[in-house]
Asks: 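Pasting in a structure now, in structure tokens, and then I'll have a few things to ask.
Source: prediction; values computed, not measured. Here is the naming used below: chain letters follow the sequence lines, and residue numbers restart at 1 for every chain. Reckoned from all heavy atoms, side chains included, excluding hydrogens, waters and symmetry mates.
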Amino acid sequence: MRWSELLIPTLKETPQDAEIISHQLMLRAGLIRRLGSGLYTYLPLGLRSLRKVQNIVREEMDRAGAQEVLMPAMHPKEIWEKSGRYETLKNGMFRVTDRQNREMVLGPTHEEIITDLVSREITSYKQLPCNFYQIQTKFRDEIRPRFGLMRGKEFIMKDAYSFDVSSEAADESYKKMYDAYVRIFKRCGLHAMAVDADTGDMGGSSSHEFMIPCDAGEDAILEADDGSYAANLERAEGFCDLPMEFEGAELALEKVATPHSGKIEAVANMLKIETRQLVKTLIYVADEKPVAVLLPGNRDVNDIKLNKILPGAELADPEVIREVTGAEVGFAGPVGLEIPIIADRSLQGLKGGVIGANETDAHFKNFDLERDTSITEFVDVALAYAGDLAPNGKGRLVEKRGVEVGHVFKLGTKYTEALGASFLDENGKSQPAVMGCYGIGVSRTLQAVIEQSNDKFGIIWPISVAPFELLITVLSPKDQTCMQHADDIKTILEAQGVDVLMDDREERPGFKFKDADLLGLPLRLTIGERGLAKGEVELKARTDKDFEAIPVADAAVKVFEKITAMREAL
RNA sequence: CGGAGAGUAACUCAGUCUGGUAGAGUGCCUGCUUUGGGAGCAGGACGUCGCAGGUUCGAAUCCUGUCUCUCCGACCA
């Protein structure tokens with residue numbers, strides 16, 4: 001196509017409201033424009049790249065045996081009530097009413113919808129396994145949309161749903177999708193990593209997120225330095241160094257005065273000890289009953305883990321704490337408490353610790369966890385930190401940031417039971433199908449590509465998702481010979497299936513080169529009078545420093561070779 | 001929703017403290033010159049100063065309210 005016939009509004013200056021590099025470049029290269037917070041128009045170039053990502057996704061889904069469907073974006077409220085998610089997701093959904101005053105929601109995801117379909121259409125084990133996917137706009141009333149396409153109120157997602165006869169079979173389907181995801185991100189030119197993740201509102205037993213490591217990422221990841229383990233911080237398990245024995249391990253409990261020291265740091269300073277020698281005792285209320293949660297003094301509670309152990313638990317109010325411990329906030333300790341005590345597993349074997357004395361302005365030292373108290377349960381409830389030992393005992397955890405571009409879940413029978421998606425097995429017995437769901441943020445993936453691949457001049461597109469594969473920069477569009485050569489080469493290459501953009505604008509060369517680098521198409525062919533005088537044109541990859549002069553007669557062949565090689569490299 | 005900041009030309013911003021003719025650069029239009037890394041000259045078009053109210057002889061500027069956008073936290077592909 002000709003540049004002069006496309007809307008490619010490049011910007012010399014960086015728009016004010018774009019913070020991260022990929023967002024800035026998407027605006028500057030004329031890929032997208034904002035309508036409102038979290039709402040973007042894809043301009044011709046942006047749409048071309050988006051389509052390429054979609055096609056890669058489509059090819060790999062088809063290859064993995066999934067069938068494409070397209071479900072409505074607008075759903076009756078009732079179907080969401082069946083799964084119970086109308087309540088849990090309420091605030092995150094856009095809700096609308098029709099003229100009959102019927103309540104509808106704009107779909108944030110489609111587990112309920114596909115399961116409803118499957119409950120009607122899939123009735124026999126002979127029809128399983130099956131896997132349906134769609135590529136569609138999703139609507140979520142995000143608390144805070146940000147970073148352009150990274151988090152929008154409306155975004156394009158590929159969502160797939162598998163149904164199987166058993167959880168073993170479901171594991172197979174999960175594996176297939178997992179492998180397809182690895183291929184998809186690789187083909188998009190992304191360096192993705194899969195990490196253990198929390199299932200959140202989706203429910204189910206386990207999940208992996210596909211993360212693109214980059215500093216602008218919204219998620220924190222902990223990865224073992226030998227690469228043997230990686231997890232979202234929300235989910236990560238880490239071990240502090242064991243055993244936890246400190247000075248005074250053999251001595252009896254001894255009360256010490258700690259006036260005005262209701263904070264871990266203050267006590268540690270006063271007693272001249274490390275914070276990890278202290279035991280943090282937090283009083284929670286779950287099911288209207290108080291529970292004590294014990295952690296090393298230098299650790300914090302992972303709310304997600306805690307919520308799994310004590311659903312709905314919230315930190316107790318000061319009055320409750322006074323009632324339970326008989327002391328002001330800050331002096332709680334496990335000795336003498338009459339409520340259940342759960343302890344983080346890293347405290348196992350603690351000797352010589354310091355705890356609150358359940359008395360204002362006093363602590364105990366020489367605390368021995370096994371000797372001095374009885375723990376109801378040891379659990380993993382602490383937030384993991386960089387520097388912890390990985391759960392497999394190999395390697396130390398290192399923190400990274402990442403963009404979540406995909407998430408695969410094993411859902412079990414949560415939705416199939418709620419919506420009655422059961423089938424008859426070989427014995428004529430009715431069973432709920434075992435489900436999995438698999439999402440890719442297609443529009444987010446597109447931006448992640450740019451976030452991961454750019455330099456100070458602009459985008460560096462991987463050829464698989466570049467809006468065009470080749471840019472022909474015609475330096476003298478008014479010169480008939482230049483234009484004729486450019487047109488000929490373009491025609492030949494287009495006939496061979498190469499996506500060609502020809503910069504035929506009447507602009508000065510420097511201006512066009514700057515735009516070329518900003519757009520970042522993988523290969524550039526420069527045709528100018530100066531080169532043509534020697535019968536040459538110039539070929540340069542976006543990643544090359546210098547161009548290569550080639551005879552104009554060989555240009556089309558040479559470009560096709562290069563493009564083919566670039567395609568094959570992905 | 002809590003915290004921080006910003007709304008003035010298509011874009012980047014000055015002007016607001018200390019009220020008195022609406023500004024610059026970039027971009028856009030016309031012409032001439034120029035033509036291998038964001039050219040030069042000349043001319044030109046473009047503003048309800050986010051919106052509403054108030055104070056004042058007079059408001060972009062002061063006051064009140066309100067809306068929008070961006071950033072930091074909880075949500076998530």
Asks: Tell me which of A:Leu518 and A:Ile440 sits closer to the 5' end of RNA chain B, going by the nucleotide each one is nearest to.
Replies: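 Result of the comparison: A:Leu518.
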
Asks: Would you call A:Lys175-A:Asp171 a salt bridge at under 4.0 Å N-O?
Replies: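 Judged by the 4.0 Å cut-off on N to carboxylate O distance, A:Lys175 and A:Asp171 do not form a salt bridge.
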
Asks: When you check the phosphate oxygens OP1 and OP2 of B:C72, does a side-chain N or O of A:Arg144 lie under 4.0 Å from one of them?
Replies: yes

Asks: Take the angle between the ring planes of A:Phe210 and A:Phe185 and call it parallel below 30°, perpendicular above 60°, tilted in between.
Replies: tilted

Asks: What nucleic acid atoms does A:Gln16 come within less than 4.0 Å of, heavy atoms only: base, sugar-phosphate, or nothing?
Replies: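 Sugar-phosphate contact only.
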
Asks: Base, sugar-phosphate, or nothing: which does A:Asp159 touch, judged by heavy atoms less than 4.0 Å apart?
Replies: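 Contact class for A:Asp159: none.
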
Asks: So what does A:Gly406 touch, heavy atoms closer than 4.0 Å: a base, only the sugar-phosphate, or nothing?
Replies: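 A:Gly406: backbone/sugar contact only, no base atoms under 4.0 Å.
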
Asks: Is the base of B:C76 touched by the side chain of A:Arg151 through a donor-acceptor pair closer than 3.5 angstrom?
Replies: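 Check passes, donor-acceptor contact within cut-off.
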
Asks: Can you tell me which nucleotide in B:A74, B:G37, B:C76 comes closest to the side chain of A:Phe513?
Replies: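 From the listed options, B:G37 comes nearest.
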
Asks: Is it true that the NZ or CZ of A:Arg505 lies under 6.0 Å from the centre of A:Trp3's six-membered ring and within 45 degrees of the ring axis?
Replies: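 Pair A:Arg505/A:Trp3 counts as cation-pi.
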
Asks: So A:Thr14, base contact, sugar-phosphate only, or nothing? Heavy-atom distance under 4.0 Å.
Replies: sugar-phosphate

Asks: Please report the distance separating the P of B:A10 from the corresponding atom of B:G27, rounded so that it comes out in whole Å.
Replies: 16 Å

Asks: Under 4.0 angstrom, heavy atoms only, what part of the nucleic acid is A:Arg505 near: base, sugar-phosphate, or nothing?
Replies: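 The residue A:Arg505 makes no contact with any strand.
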
Asks: What integer number of Å spans the P atoms of B:A9 and B:G5?
Replies: 23 Å

Asks: List every contact pair, protein side and nucleotides 30-34 of chain B side both N or O, where the distance is under 3.5 Å.
Replies:
unit_1	atom_1	unit_2	atom_2	d
B:U34	O2	A:Arg508	NH1	2.7

Asks: Using the C1' atom as the reference point in each nucleotide, state the distance between B:U30 and B:C46 in Å, no decimals.
Replies: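 That atom pair is separated by 15 Å.
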
Asks: Can you check whether A:Phe155 stacks with the B:A77 base, using ring centres under 5.5 Å and planes within 30°?
Replies: yes

Asks: Let me know, please, whether A:Ala18 or A:Leu475 comes out on the 5' side of the other along RNA chain B by nearest nucleotide.
Replies: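 Result of the comparison: A:Leu475.
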
Asks: Does A:Phe468 have A:Arg48 sitting over its ring (NZ/CZ under 6.0 Å from centre, angle to axis within 45°)?
Replies: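 Geometry flag: set, cation within 6.0 Å and 45°.
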
Asks: Are the charged groups of A:Arg299 and A:Asp388 less than 4.0 angstrom apart, N to O?
Replies: yes

Asks: Give a yes/no answer on whether the side chain of A:Arg146 brings an N or O atom under 4.0 Å of OP1 or OP2 in B:C71.
Replies: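 No, outside the criterion.
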
Asks: In Watson-Crick or G-U wobble terms, both distances under 3.5 Å, what is the partner of B:U12?
Replies: B:A24

Asks: Using the rule given for side chain to side chain donor-acceptor pair (under 3.5 Å), can you reason through A:Lys138 versus A:Gln136, listing the C-alpha separation, both sets of side-chain angles and the distance that settles it, and then say yes or no?
Replies: CA-CA 6 Å; A:Lys138 297 284 189 264; A:Gln136 190 210 37; 2.8 Å; yes

Asks: Take atom C1' in B:U8 and the same atom in B:G23, then report the distance between them in whole Å.
Replies: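 Roughly 10 Å separates the two C1' atoms.
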
Asks: Side chains of A:Asp159 and A:Gln134: any donor to acceptor distance under 3.5 Å?
Replies: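 Yes, a side-chain donor-acceptor pair sits under 3.5 Å.
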
Asks: Considering only the P atoms, how many Å lie between B:G25 and B:G19, rounded to the nearest integer?
Replies: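 That atom pair is separated by 28 Å.
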
Asks: Only pairs with both distances under 3.5 Å count, Watson-Crick or wobble alike; so what is the partner of B:A42 in this structure?
Replies: B:U30

Asks: Using the C1' atom as the reference point in each nucleotide, state the distance between B:G50 and B:U61 in Å, no decimals.
Replies: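 Those two atoms are separated by 16 Å.
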
